[in-house]
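Just so we're on the same page: letters track the sequence lines, and every chain starts at 1.
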Protein chains: 2
Amino acid sequence: MKKSKSQYSNIRNQNKNEILEDYVEAIQEISEIKGDVKNADLAIHFGVSQATINKNLKRLITSKLATSEPYRSIFLTNEGKKLADISKEKHNIVYQFLIKLGVSKKIAQYDSEGIEHHVSDETLKLMKNFSK
Amino acid sequence: MKKSKSQYSNIRNQNKNEILEDYVEAIQEISEIKGDVKNADLAIHFGVSQATINKNLKRLITSKLATSEPYRSIFLTNEGKKLADISKEKHNIVYQFLIKLGVSKKIAQYDSEGIEHHVSDETLKLMKNFSK
DNA sequence: AGTCATTTTTAGCCTAGGCTAAAAATTATA
DNA sequence: TATAATTTTTAGCCTAGGCTAAAAATGACT
Ligand SMILES: [Mn+2]
Ligand SMILES: [Mn+2]
Ligand SMILES: [Mn+2]
Ligand SMILES: [Mn+2]
């Protein structure tokens with residue numbers, strides 16, 4: 001919650017970060033499963049066109065979260081890996097928390113995908129604690 | 001979670017609905033406090049320019065959530081009021097839930113503003129139950 | 001009523017995320 | 001090694017949410 005402008009503009013910003021977080025998380029996951037990550041993998045994963053992936057990837061690259069030479073595989077930078085780890089951890093805490101609350105797996109998976117981007121550290125700590 | 005495309009595109013959609021929900025909620029709130037709602041009130045409330053409010057309001061109007069004649073006050077349609085009630089209720093449940101979890105007022109207020117748009121009915125019910 | 005101040009709207013610009021269709025490059029196969 | 005298939009990139013379009021600056025309308029005050 002850094003230097004507060006209005007509460008709302010911060011949340012609109014969370015929406016912009018959302019795609020970055022989801023992407024680094026997906027890149028890391030696919031990389032672990034398949035060894036390398038191609039444009040097409042992300043297109044399938046997110047259910048959007050490859051053209052869209054290509055464009056979004058450019059934002060990841062200018063944000064120094066990923067690197068990729070034309071027509072080659074996609075890699076996370078150290079910064080990207082760091083964000084991926086944090087995002088995955090956060091995602092998991094929210095998911096486990098919802099499960100503990102009594103939410104069904106399907107819905108917990110679904111809701112955590114959105115909620116994860118809007119949870120402060122304070123709330124996250126309490127969720128983590130609640131789950132154990 | 002209606003007809004599922006991909007999980008992700010649904011969440012991107014929630015982000016588009018977010019602004020509609022926040023707006024109808026704000027319009028209702030301001031209307032109750034000040035009697036009528038002007039462009040400028042919303043600009044202050046959301047911390048954006050009046051030009052931005054003007055444009056977003058057009059989306060509310062084409063979405064049949066609000067009405068407004070040029071240079072005059074803003075009103076919610078019945079549909080808008082309905083959405084406002086639902087949004088406010090949802091917002092409140094999430095807020096109270098976070099408080100019950102142990103989150104500080106400030107942070108609960110902040111987090112609930114984002115989370116409210118990503119909580120399914122199933123999760124909402126469990127949150128409501130947890131709070132009492 | 002006429003002038004001045006305020007508010008609202010418009011115009012034009014930007015980033016971001018989506019799409020389709022076509023071009024370019026790579027990879028596979030004959 | 002050509003040719004064909006696949007993948008990636010580019011181009012051009014759209015909606016959405018932000019901005020500033022200027023125009024237009026409304027409201028207040030002599
Ligand atoms: Mn995630
Ligand atoms: Mn997510
Ligand atoms: Mn709200
Ligand atoms: Mn909100």
Side-chain angles (χ1 to χ4, degrees), chain A residues 4-27 30 34-75 113-114 117, chain B residues 4-27 30 34-75 113-114 117:
Chain A
S4 228
K5 228 178 137 182
S6 99
Q7 185 171 188
Y8 297 97
S9 57
N10 280 328
I11 286 166
R12 308 296 178 238
N13 271 338
Q14 288 173 352
N15 291 338
K16 288 182 184 169
N17 291 336
E18 174 171 325
I19 220 168
L20 298 178
E21 293 171 11
D22 284 347
Y23 270 50
V24 294
E25 223 183 308
I27 291 168
I30 293 166
K34 316 193 34 165
D36 68 341
V37 185
K38 307 286 269 179
N39 209 303
D41 300 318
L42 293 173
I44 290 166
H45 186 265
F46 288 110
V48 297
S49 73
Q50 287 188 216
T52 295
I53 294 289
N54 210 257
K55 202 189 280 184
N56 289 342
L57 209 50
K58 291 207 167 119
R59 188 151 82 86
L60 261 83
I61 292 169
T62 60
S63 303
K64 302 242 188 287
L65 296 171
T67 58
S68 183
E69 295 304 308
Y71 294 94
R72 325 245 39 234
S73 298
I74 297 153
F75 301 95
E113 193 59 70
H117 310 285
Chain B
S4 229
K5 230 180 136 181
S6 98
Q7 185 172 188
Y8 296 98
S9 57
N10 280 328
I11 287 165
R12 309 294 177 238
N13 270 338
Q14 288 174 353
N15 291 338
K16 288 183 184 169
N17 291 337
E18 174 172 325
I19 221 170
L20 297 179
E21 293 171 11
D22 285 346
Y23 269 52
V24 293
E25 224 184 306
I27 291 168
I30 293 165
K34 313 191 39 164
D36 68 341
V37 185
K38 305 289 266 180
N39 210 303
D41 300 318
L42 292 173
I44 290 165
H45 185 265
F46 288 109
V48 298
S49 72
Q50 286 189 218
T52 295
I53 293 290
N54 210 258
K55 203 190 279 185
N56 289 342
L57 209 49
K58 291 205 167 119
R59 188 151 83 85
L60 262 83
I61 291 170
T62 61
S63 303
K64 303 240 188 288
L65 296 170
T67 57
S68 183
E69 295 304 308
Y71 296 94
R72 326 247 35 235
S73 296
I74 298 153
F75 301 95
E113 193 59 70
H117 310 285

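- Residue pairs meeting the salt bridge (charged side-chain N to carboxylate O under 4.0 Å, His left out) criterion with at least one partner in residues 36-54 of chain A, sequence neighbours excluded, are A:K34-A:D41.
- Distance A:N54 CG to D:dT6 P: 20 Å, rounded to the nearest Å.
- We find that CG of A:N10 is positioned 15 Å from C1' of D:dG18, with the value rounded to whole Å.
- Distance CZ (A:R12) to P (D:dT15): 21 Å, rounded to an integer number of Å.
- Residues A:N10 and B:E113 have side chains not in contact (no heavy-atom distance under 4.5 Å, counting atoms from C-beta outward).
- Looking at heavy atoms from C-beta onward, A:H45 lies out of side-chain contact with A:I53 at the 4.5 angstrom threshold.
- Proximity note for A:Y71 (side chain, C-beta onward) versus D:dT26, D:dC19, D:dT8: the nearest is D:dT8.
- Of the candidate nucleotides C:dC19, D:dG17, C:dG18, D:dG17 has the atom nearest to the side chain of B:I19.
- Phosphate proximity of D:dT7 to A:Q50: absent, as no side-chain N or O sits under 4.0 Å from OP1 or OP2.
- Listed nucleotides C:dT8, C:dC19, D:dT20 differ in distance to A:A51; the shortest reach to its side chain belongs to C:dC19.
- Between B:L57 atom CG and D:dA16 atom C1' there is a gap of 15 Å when expressed in whole angstrom units.
- Among the protein residues, A:K55 comes within range of the nucleic acid bases, having at least one heavy atom under 4.0 Å from a base atom.
- Distance OH (A:Y8) to P (D:dA16): 21 Å, rounded to an integer number of Å.
- Residue B:R59 places none of its side-chain N or O atoms closer than 4.0 Å to OP1 or OP2 of D:dT15.
- Looking at B:N17 and B:H117, their side chains never come closer than 4.5 Å, going by heavy atoms from C-beta outward.
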Carefully, step by step, assess B:I74 and B:L42 under the rule side-chain contact (heavy atoms from CB on, under 4.5 Å).
CA-CA 10 Å; B:I74 298 153; B:L42 292 173; 3.8 Å; yes
Verdict with supporting geometry, A:Y23 and A:N56, side chain to side chain donor-acceptor pair (under 3.5 Å):
CA-CA 9 Å; A:Y23 270 50; A:N56 289 342; 2.9 Å; yes
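- Atom CG in B:D22 sits about 10 Å away from atom P in D:dG18, given to the nearest Å.
- Using a 4.0 Å cut-off, no side-chain N or O of B:T52 falls inside it from OP1 or OP2 of D:dG17.
- Using a 4.0 Å heavy-atom cutoff across all strands shown, B:I53 reaches no nucleic acid atom at all.
- Between the CD1 atom of B:I11 and the P atom of C:dG17 there is a distance of 15 Å, rounded to whole Å.
- Remark: B:K38, B:N39, B:A40 in residues 38-45 of chain B come within less than 4.0 Å of DNA chain C through at least one heavy atom.
- In terms of position on DNA chain C, the residue among A:K16 and B:K58 whose nearest nucleotide sits closer to the 5' end is B:K58.
- For residues 45-58 of chain A, the set of pairs meeting the salt bridge (charged side-chain N to carboxylate O under 4.0 Å, His left out) definition, not counting sequence neighbours, is empty.
- Rounded to whole Å, the distance from CG on A:N13 to P on C:dG17 is 11 Å.
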